[in-house]
Every structure is written in structure tokens, then in C-alpha cells.
Protein chains: 2
Amino acid sequence: MREPRAAAPTAGAPTATRGRRADAERNRAAIITAATAVFAEHGAEVDVREIARRSGVGMGTLYRHFPSKEDLLRLSLEQEFTAWLTEAHERAAATQDPWQALSGFFEQVLTTQAHNRALMDSYVQTGGPTEACVQKCRAFIDALRERCERAGLLRRGVSTEDLLSLSASLCQVVQTPGGQHRWRRLMTISLDGLSSRHREPLPS
Amino acid sequence: MREPRAAAPTAGAPTATRGRRADAERNRAAIITAATAVFAEHGAEVDVREIARRSGVGMGTLYRHFPSKEDLLRLSLEQEFTAWLTEAHERAAATQDPWQALSGFFEQVLTTQAHNRALMDSYVQTGGPTEACVQKCRAFIDALRERCERAGLLRRGVSTEDLLSLSASLCQVVQTPGGQHRWRRLMTISLDGLSSRHREPLPS
DNA sequence: GTTCAAGCGGAGCAGTTGCTCCGCTTGTCC
DNA sequence: GGACAAGCGGAGCAACTGCTCCGCTTGAAC
């Protein structure tokens, strides 16, 4: 608020921001690292003090670098989400079979769900931590959908939004007791319901 | 804590508990009514003061009748859940086609999800507000499953637990923006994946 | 009408959490 | 080494929430 913040570091690029003191730079990095780990473990609702503790700085330092918990969360999730989506792209590109690419994506969503609370909460609620991330994610899923559709593997009328919602809904399963062992079964069921062997039209 | 509470009223039975003053009886009923409405609207995390306000009593009165928010929530949800499951039983009994009975149950789950936050949260997390409720719910779903299986309509290897998890996972969709219009599509997809036309075995 | 225990209400306590304030420390420039 | 702005830490504020305490009120038994 008081500090105009020299040239926003363009989301996660570890460029040595000119004019910032070396220890400040170190602290800033430590905070992001700690926050990412803590959010992943405990979810977005975790106490800010836990992040300060884990990164070895005081509350004042934390809030000097990030004007609000919200901002810290967003930055941390943006980085994570970008890396995650990059991996998804790479996997999809390396997979010949369109249907396998689609089910591989579902599997990645659900595997991540088991390991990163805050990240997947944002995926479940809106499709990603920021509007820009959501856009990219939608575009990626849309490409998967089109590949499957062109190959005649996907049920008629299934939309990108359907695929996003369906993968998000399955995340619910992972968190329930015993869900760790059951999500693969439900994923199979859902994917089978998406296959072109079903010719009945979908409602509305 | 101080008051030994004369003979627990056996979960929601509106019997005039002997020895309680008339105004106390009235207040107790008002609290349960208000709590049920408030929990349905705002979910289980709602401020207790809101329930006191809505029922027109003070905090002291509320806590005289219910030793903790947890207790009030449990009692309120037990009543709601029992009524809900009763309706489910009636519907299933009135439906000839086993598959329609199953999909009717899914539909009831998802319709309720849109109108009762706390009730469905408990369904999603554990299958019901108390162990006894969960047992009854499981038994009911198991009966639906068996009817479908016996009629040769259900995919091999689908368990009661799968059906409960799947219906709970779809609840996730209803809460997302636009989910009100999409859950029916995803429900159709999931149910189709459950049909016996799929002969591939399910994982693990 | 009198009596009094049962019942009532809401101020306030204790714990939690996001965020701020300010006196002290330290990296950096000369 | 000295000067000093940038940076630091953590006590503490404010808002929220579950729950308690206790002086006042009232239903009901006589």
C-alpha cells in the first residue's frame, strides 16, 4: 500500500528484481516456496502464521512482500497451475490415441487432487486460480475434446464444459475416506459414459 | 453440563417431554425449526447467533436446550435425513423399472443438493449425518443396486459404495456456477457408464 | 396472590485469523 | 567504518465465532 512495488515480477519469473536488497529477495523466494507447500498440504484456509513460520520470516516481512493472503495464494497457485498445465500439454502431445490422451488428463487431475489441496480446490471451483489460467485450461480440454470427436470416439453433444465439470466432480471422490482406492473405478465409469457407443442425446 | 437433561427425546419425536415448562417446549421447537432452515440455507458453518436470532431466543436459551452447535446440527440433520430417505423409499417402491428407480434416486440426491446445503454436505462427506443414517442409506442403495443387477441392467462389479460415491461426486457439479443446468447431463453420462452394456471390468 | 425453581437473554470470555504498527537490524553505498 | 534507507519481527488490533455466566423474568403449584 505504502510501497509502489518495483515492476511486478511477471508471475513467478525468478529474475533478480533490480533495486531490491539481496536478503529481501531471498525472503521473498522463501515465502513463495513455503506458501506453495503449506497451501498444498492444508488448503487455502490455512493460517498465514504457518506460512511465516515455515519460511522463517516474521509476519511483517510476509505482508511487506504480499499485500494480502489472497495475493500470495494467487501467485503461488498461478505458478503451480502453469507447471501443471504444461505437464498436461506434454503428456497429451506424447500420446497418440486421442481417447488415451483424454483419460490421461482425467487421471492427472485426480492424481494431483490427492496431493495438492489448494490447487485442486481452485480447479474444482472455477477451473483454475485466475481467469487467465481457466482460459488456458478450457482451451486445452477443448483440444482434447476435438481430437476425440474427430476420431469419432466421443459421444455426440459432450461439451468442453461437461468435461471440466465431470473431472472436477470426480475430485470430490478422492477426498472421501476410501476414495483413494475408488476414484479409478468411478473415472472408468464416467469415461465409458462419454464414449460414442452411447447414441442417446444428452438432456437440455 | 450442569443439567442432566431429562430422558433424551429419542431423536426428533415431538413428544411433550414431561416436566418441561410450556414456554421451554415452544422455544425448543422454534430452535429446531429455525436451525433446520438456517443450516439448509447457509450450511453447517453458519454463525450460531443467526439461529438464535431466527428462532427469537437468546444464546443462553439455545445452549440450555442443546449443549453444543454440533448437537443441534446433528439432531436437525437427522430429522431432515430421515424424511428424505423415507421419500426415497416411497419413490423407489412406486417405480416399476429398476433402472428408473436408480436414476430417480440420483435425481433426488441432486435436486436436494440444490436446496439443502448442510444436509447434502453430510451426504457427500460420509453418506449421512450419523452412523445410523449412513447405514440405512447404504442399505437402501444396496437394495436399488440388487434390483438392477437382478434385472441384468447394471454393469458387473459395481458396488453399493461406488453408487454412493458417484452420486456424491455429482453433488459437486450442482454447486459450481452453471451447474444447475448441467448436472442432468453429467448424471446421464455417469448412469450410462453404469449400464450393463459395458462389459469391461472395473479397476482393482 | 405468593413463592420459587425453571427458564431466559445477551454481555462478554476465549480462541482464531487476517493484517498493521513501529522500534530495531542490516545490506549497501560512499 | 559510518550513514541511512530498506528491511525485519512479532506484539497486538479488530473482527468473528463457539460457548458461558449470571442477574432478571415467568409459568405453575399452592
Side-chain angles (χ1 to χ4, degrees), chain A residues 1-7 9 16-35 38-39 41-77 117-118 121, chain B residues 1-7 9 16-35 38-39 41-77 117-118 121:
Chain A
M1 210 128 280
R2 169 189 337 174
E3 180 193 20
R5 167 79 65 71
T17 312
R18 193 199 40 191
R20 195 145 31 198
R21 247 166 61 175
D23 57 343
E25 200 63 49
R26 238 179 297 127
N27 280 332
R28 188 186 163 83
I31 292 168
I32 294 184
T33 303
V38 169
F39 282 135
E41 276 174 47
H42 304 289
E45 276 102 63
V46 76
D47 191 337
V48 188
R49 287 163 183 76
E50 175 61 25
I51 298 172
R53 213 174 297 130
R54 190 85 77 97
S55 49
V57 305
M59 292 295 288
T61 303
L62 196 152
Y63 275 94
R64 161 175 300 274
H65 285 287
F66 304 95
S68 75
K69 181 186 177 183
E70 182 76 18
D71 284 279
L72 178 55
L73 176 65
R74 192 179 335 110
L75 191 86
S76 162
L77 288 187
R117 289 268 320 270
D121 280 357
Chain B
M1 208 128 281
R2 173 189 331 177
E3 178 195 22
R5 164 84 63 75
T17 313
R18 193 200 40 190
R20 197 150 23 203
R21 245 165 61 173
D23 56 343
E25 199 64 49
R26 240 179 296 127
N27 280 334
R28 187 186 164 84
I31 292 168
I32 295 184
T33 303
V38 170
F39 283 136
E41 276 174 47
H42 304 289
E45 277 103 63
V46 76
D47 192 337
V48 188
R49 285 162 184 77
E50 176 59 27
I51 298 171
R53 213 174 298 130
R54 190 85 77 98
S55 50
V57 305
M59 291 294 288
T61 303
L62 195 152
Y63 275 93
R64 162 175 296 274
H65 285 287
F66 304 95
S68 74
K69 181 187 176 182
E70 183 76 18
D71 284 279
L72 178 54
L73 176 64
R74 192 180 335 110
L75 191 86
S76 163
L77 289 187
R117 290 266 318 269
D121 280 357

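Naming: A, B, ... by sequence-line order, numbering from 1 per chain. All of these numbers come straight from a predicted model, not from anything done at the bench.
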Can you check side-chain contact (heavy atoms from CB on, under 4.5 Å) on A/R49 and A/M59, steps first, answer last?
CA-CA 7 Å; A/R49 287 163 183 76; A/M59 292 295 288; 4.0 Å; yes
Closer than 4.0 Å, any side-chain N/O of B/T61 to the OP1 or OP2 of C/dG7?
no
Is the phosphate of C/dG7 approached by B/N27 (side-chain N or O, under 4.0 Å from OP1 or OP2)?
no
Contacts under 3.5 Å, N or O only, protein and nucleotides 26-30 of chain D:
from	atom 1	to	atom 2	distance (Å)
D/dT26	O2	B/R21	NH1	3.3
D/dG27	O4'	B/R21	NE	3.3
D/dA28	OP1	B/A22	N	3.3

With DNA chain D as reference, determine whether B/G60 or B/K69 sits nearer its 5' end, using the nearest nucleotide of each.
B/K69
Check ion pair B/R53-B/E50 (N to O, under 4.0 angstrom)
yes
Round to the nearest Å and state the distance from A/R53 atom CZ to C/dT17 atom P.
10 Å
Taking the side chain of A/M59 as heavy atoms from C-beta outward, which of D/dT20, C/dG18, C/dC19 is closest to it?
C/dC19
Any side-chain N or O of A/Y63 below 4.0 angstrom from OP1/OP2 of C/dT20?
no
Given A/I51 and A/F39, is the side-chain contact (heavy atoms from CB on, under 4.5 Å) satisfied, shown in steps?
CA-CA 9 Å; A/I51 298 172; A/F39 282 135; 3.6 Å; yes
Return the value, rounded to whole Å, for the distance between atom CG of B/L62 and atom P of D/dT17.
15 Å
Using atom CZ of B/F39 as one end and atom C1' of D/dT17 as the other, report the distance to the nearest whole Å.
13 Å
How sharply is the helix from C/dG1-D/dC30 to C/dC30-D/dG1 bent, taking the axes over five pairs at either end and rounding to 10 degrees?
0°
Could you tell me the separation between the CD1 atom of B/I31 and the C1' atom of C/dC8, rounded to a whole number of Å?
11 Å
Going by the rule side chain to side chain contact (heavy atoms under 4.5 Å, CB included), which residues pair with A/E70 if we only count those two or more places apart in sequence or in a different chain?
A/S68, A/R74
Starting from P on C/dT17, measure out to NE2 on A/H42 and report it in whole angstrom.
12 Å
Can you tell me if the side-chain N/O atoms of B/H65 get under 4.0 Å from OP1 or OP2 in C/dG7?
no
Given DNA chain D, 5'-ward residue of the pair B/E45 and A/G56, judged by closest heavy atom
A/G56
Whether the side chain of A/R49 and the base of D/dG9 hold a donor-acceptor pair under 3.5 Å is what I'd like checked.
no
Without decimals, in angstroms, what is the distance between B/L72 CG and D/dT17 P?
16 Å
Show your reasoning for whether side-chain contact (heavy atoms from CB on, under 4.5 Å) applies to B/V48 and B/L72.
CA-CA 10 Å; B/V48 188; B/L72 178 54; 5.7 Å; no
Atom CZ of A/F66 and atom P of C/dG18 are separated, to the nearest Å, by 16 Å
Apply side-chain contact (heavy atoms from CB on, under 4.5 Å) to residues B/E41 and B/R54 and explain how you reach the verdict.
CA-CA 12 Å; B/E41 276 174 47; B/R54 190 85 77 98; 3.3 Å; yes
